[in-house]
Amino acid sequence: MSGKSQRRPLVSGNWKMNLNHYEAIQIVQKLSYLVSKDDFEQVDVSLHPPFTDLRSVQTLIEADELRFVLGAQNCHHENSGAFTGEVAAPFLAKLGVRYVICGHSERRQMFGETDDVVAAKVGAVLVHGMTPIVCVGETQDEREAGQTLERVTGQVRGSLAGRTADQVAGIVVAYEPIWAIGTGLTATADDAQTVCQAIRRTIAETWNDDTAQSTRLQYGGSVKAGNIAEIMDGSDVDGVLVGGASLDPDEFARIVQYPQHSR
Ligand code: 13P
């Protein structure tokens with residue numbers, strides 16, 4: 001088996017800096033009524049609350065045996081030490097976190113995370129048995145200058161530097177064009193597919209083809225219930241990373257249920 005059929009779709013909700021732990025519990029409870037066992041047969045679903053909510057969401061997922069997978073939005077690359085305000089990967093692993101977003105464009109832009117920093121975080125996440133979701137994406141200026149593919153594939157190589165083929169096979173790369181995040185603008189399904197295809201080709205060239213066929217690729221940027229089916233049609237698009245629309249349980253449940261509405 002090769003190609004899209006071997007890669008399970010992954011729908012991830014990145015709550016960013018929204019929802020306290022009481023609100024988090026309410027949202028997860030609502031989602032648990034809306035998303036059925038059958039939905040989970042078709043799609044993996046990860047939820048990425050703020051750090052302060054993780055313990056509450058973990059407890060709820062475990063107590064009610066929910067099939068949502070716990071995710072985090074960031075971590076530090078060191079295991080411990082004098083890094084005031086930071087959270088280490090082993091702490092997240094202890095909380096049952098399975099996916100960690102690394103190098104989200106908001107962190108790259110606002111907190112100065114370079115590809116080297118992201119690569120170190122990816123290493124820490126893997127060492128502690130979790131899966132990094134590595135974000136890449138171009139700015140509006142880079143897009144207008146025709147530099148999208150160069151920029152994105154450069155970020156893939158830089159952020160995954162030093163990783164083995166086996167490691168890369170198990171990770172997730174999220175293509176999130178910066179101009180489409182929180183703006184209501186979405187890359188066309190064709191653009192999302194073209195960039196994801198280029199990312200897969202870069203992985204094949206840098207590691208090997210089998211690795212590239214295993215790595216899951218997501219699209220992110222103003223994903224909603226109304227556009228997910230079209231985006232997921234792309235043969236190299238294996239999932240979505242959802243921001244704003246993941247804060248509304250009804251909308252997020254409809255996104256998760258996209259296979260029912262696919263053409
Ligand atoms: P929006 O879905 O709000 O555009 O955010 C995308 C994103 O940044 C997810 O990580």
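Nothing fancy with the numbering, it's 1 onward along the sequence. Indexing begins at 1, ligand by ligand and atom by atom, following the structure's order. Note that the structure is a prediction, hence the values are computed from the model and not measured.
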Could you pull out every N or O of ligand 1 that sits under 3.5 Å from a protein N or O, with the distance for each pair?
from	atom 1	to	atom 2	distance (Å)
ligand 1	2 (O)	S222	N	3.4
ligand 1	2 (O)	G243	N	2.9
ligand 1	3 (O)	G244	N	2.8
ligand 1	4 (O)	G182	N	2.7
ligand 1	4 (O)	S222	N	2.7
ligand 1	5 (O)	K16	NZ	3.2
ligand 1	8 (O)	K16	NZ	2.9
ligand 1	8 (O)	H104	NE2	2.8
ligand 1	8 (O)	E176	OE1	3.3
ligand 1	10 (O)	N14	ND2	3.0
ligand 1	10 (O)	H104	NE2	2.9
ligand 1	10 (O)	E176	OE1	3.2
ligand 1	10 (O)	E176	OE2	3.0

Next on the checklist: Assess, by modelled atom type and distance only, whether the side chains of D233 and Q193 contain a donor and an acceptor separated by less than 3.5 Å.
Outcome noted: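 No.
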
Checklist entry - Got a sec, which residues hit salt bridge (Lys or Arg N to Asp or Glu O under 4.0 Å) with R8, two or more places apart in sequence or on another chain? => result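 Salt bridge (Lys or Arg N to Asp or Glu O under 4.0 Å) list for R8, sorted by chain: D44.
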
Next on the checklist: Quick one, D115 and R108 - any side-chain contact, counting heavy atoms below 4.5 Å?
Outcome noted: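 SC-SC contact between D115 and R108 confirmed.
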
Item to check | SB check K224 D248 (cutoff 4.0 Å) | outcome: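 Looking at D248 together with K224, the answer is no, because their closest N to O distance does not fall below 4.0 Å.
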
Item to check | Step-by-step side-chain hydrogen bond (donor to acceptor under 3.5 Å, both in side chains) determination, E138 to Y175 | outcome: CA-CA 9 Å; E138 83 285 10; Y175 167 53; 3.0 Å; yes

Item to check | Heavy-atom neighbours of E65 CD exceed 12 at 6.0 Å | outcome: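 It does not: E65 CD has 12 such atoms or fewer within range.
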
